[in-house]
Amino acid sequence: MLTQAFYTNKNTIDVAKNLLGKILVTKMEGLVTKARIVETEAYCGITDKACHAYNNKRTKRTEIMFANGGVCYIYLCYGMHYLFNVVTNTINNPHAVLVRAVEPLEGLEIMQKRTGKKENDFTITKGPGNVTKALGITNNQNGYSLLQNTIYIEEDDFILSSKQIINTPRIGVHYAKEDALLLYRFFIKNNLFVSGKKIDNFAN
DNA sequence: CGACCGATCGTCT
DNA sequence: GACGATCGGTCGA
């Protein structure tokens with residue numbers, strides 16, 4: 001299991017890159033699922049126009065982002081999808097990393113059942129909405145510590161070289177104006193579970 | 001393959 | 001009352 005120090009790293013870009021290749025584990029109602037993180041996005045605090053905490057915006061929803069790193073921030077997007085974020089940085093520095101895609105490692109049948117997919121193709125955990133659906137994550141787990149055993153992140157001997165990490169602008173943040181251009185999206189090159197249109201994945 | 005569109009609801013103004 | 005850090009289906013080239 002990754003330790004607190006991993007999450008309180010003040011360089012959120014590094015955390016977003018370091019999360020690639022790590023294993024996201026959920027234990028929901030006795031069901032264990034594990035999946036390798038293959039795509040992330042960094043949301044960097046009160047100066048980042050794409051971040052929900054931009055301009056020091058503290059609301060009931062964003063409050064958890066102001067916590068010390070190592071908890072989850074989960075919210076409902078477009079009224080139908082839960083999106084899972086790792087809160088990073090230290091207290092009152094509301095940074096987070098969105099997990100946009102994972103690759104199933106364990107509990108594939110459980111994921112298939114949860115998502116209602118008829119075939120086990122790469123769409124099962126492609127895209128942030130599908131990630132939470134497959135892993136059984138809802139906003140019931142909002143604020144959960146990643147140092148407990150319901151949701152946590154671990155690592156194995158998977159090695160990722162910096163050459164295999166691609167960066168592009170973030171997806172779906174057009175409203176963030178110039179900050180929409182920041183290269184804060186990271187993914188593993190050539191991984192089939194990575195989300196977005198193909199053209200998005202050749203931007204860099 | 002790309003463009004478009006509807007579904008759906010908590011949160012904030 | 002408006003708006004999303006989305007997804008999957010459909011339509012047309």
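Just so we're on the same page: letters track the sequence lines, and every chain starts at 1. The analysis underlying the following values was restricted to heavy atoms, covering all of them including side chains, and did not include hydrogens, waters or symmetry mates.
Counting only distance, with no hydrogens or angles, the side chain of A:T26 and the backbone of A:I151 share no donor-acceptor pair below 3.5 Å. Between the side chain of A:Q4 and the backbone N or O of A:G69, at least one donor-acceptor pair lies under 3.5 Å.
Residues A:E39 and A:K126 are not paired through a salt bridge, judged by the lack of any N-O separation under 4.0 Å between the basic side chain and the carboxylate. Using a 4.0 Å cut-off between a side-chain N of Lys or Arg and a carboxylate O of Asp or Glu, A:K34 and A:D156 do not qualify as a salt bridge.
In this structure, A:L83 places its CG atom 18 Å from P of B:dT8, rounding to the nearest Å. In this structure, A:F122 places its CZ atom 13 Å from C1' of C:dG8, rounding to the nearest Å. When the P atom of B:dT13 is taken as reference, atom NZ of A:K60 falls 15 Å away, rounded to whole Å. The OH atom of A:Y82 sits 16 Å away from the C1' atom of C:dC7 (whole-angstrom rounding). Put simply, CD on A:E39 is 16 Å from P on C:dA5, counting in whole angstrom units. Atom-to-atom, CD1 of A:I64 to P of B:dT11 comes out at 14 Å; the value is rounded to the nearest Å. For the pair A:M80 CE and B:dT11 P, the computed distance is 17 Å after rounding to whole Å.
Judged purely by distance below 3.5 Å, without hydrogens or angles, the side chains of A:R114 and A:N130 never pair a donor atom with an acceptor atom.
A:K49 meets the salt bridge (Lys or Arg N to Asp or Glu O under 4.0 Å) test with A:E178; sequence neighbours excluded.
Within the nucleic acid shown, A:N85 comes within 4.0 Å of at least one base atom, counting heavy atoms only. Here A:K133 lies out of heavy-atom contact (under 4.0 Å) with every strand. As judged by a 4.0 angstrom heavy-atom cut-off over every strand, A:R170 is placed among residues making no nucleic acid contact.
Taking the P atoms as reference points, C:dA5 lies 14 Å from B:dT13, given to the whole Å.
In this structure, the side chains of A:K27 and A:Y152 come closer than 4.5 Å at one or more pairs of heavy atoms. Contact of the A:Y184 side chain with the A:E41 side chain is not registered, since no non-hydrogen atoms from C-beta on lie closer than 4.5 Å.
In secondary-structure terms, DNA chain C builds stems of at least 3 consecutive Watson-Crick or G-U pairs, each pair having both distances under 3.5 Å, at B:1-7 with C:6-12, B:9-12 with C:1-4.
Not one side-chain nitrogen or oxygen of A:R185 sits closer than 4.0 Å to the OP1 or OP2 atom of C:dA5. Within the 4.0 Å cut-off from OP1 or OP2 of B:dT11, not a single side-chain nitrogen or oxygen of A:K57 is found.
Contacts classified as side chain to side chain donor-acceptor pair (under 3.5 Å) and involving residues 101-111 of chain A (residues at least two apart or in different chains) are given here: A:E103-A:N191.
No cation-pi contact links A:R170 to A:F186, judged by a cut-off of 6.0 Å to the six-membered ring centre and 45° from its axis. For the pair A:R61 and A:Y75, the cation sits on the ring face: its NZ or CZ lies under 6.0 Å from the ring centre, inside 45° of the axis.
Listed by residue number, there are no residues of residues 15-26 of chain A with a heavy-atom contact under 4.0 Å to DNA chain C.
When each of A:H81 and A:N139 is assigned the nucleotide of DNA chain B bearing its nearest heavy atom, the one mapping closer to the 5' terminus is A:H81.
Side-chain contacts under 4.5 Å among hydrophobic residues (ILVMFWY), followed directly or transitively, place A:L31 together with A:I110.
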Under 3.5 Å, which protein N or O atoms sit close to an N or O of nucleotides 2-4 of chain C? Give each pair with its distance.
| unit_1 | atom_1 | unit_2 | atom_2 | d |
| --- | --- | --- | --- | --- |
| C:dG4 | N2 | A:G79 | N | 3.4 |

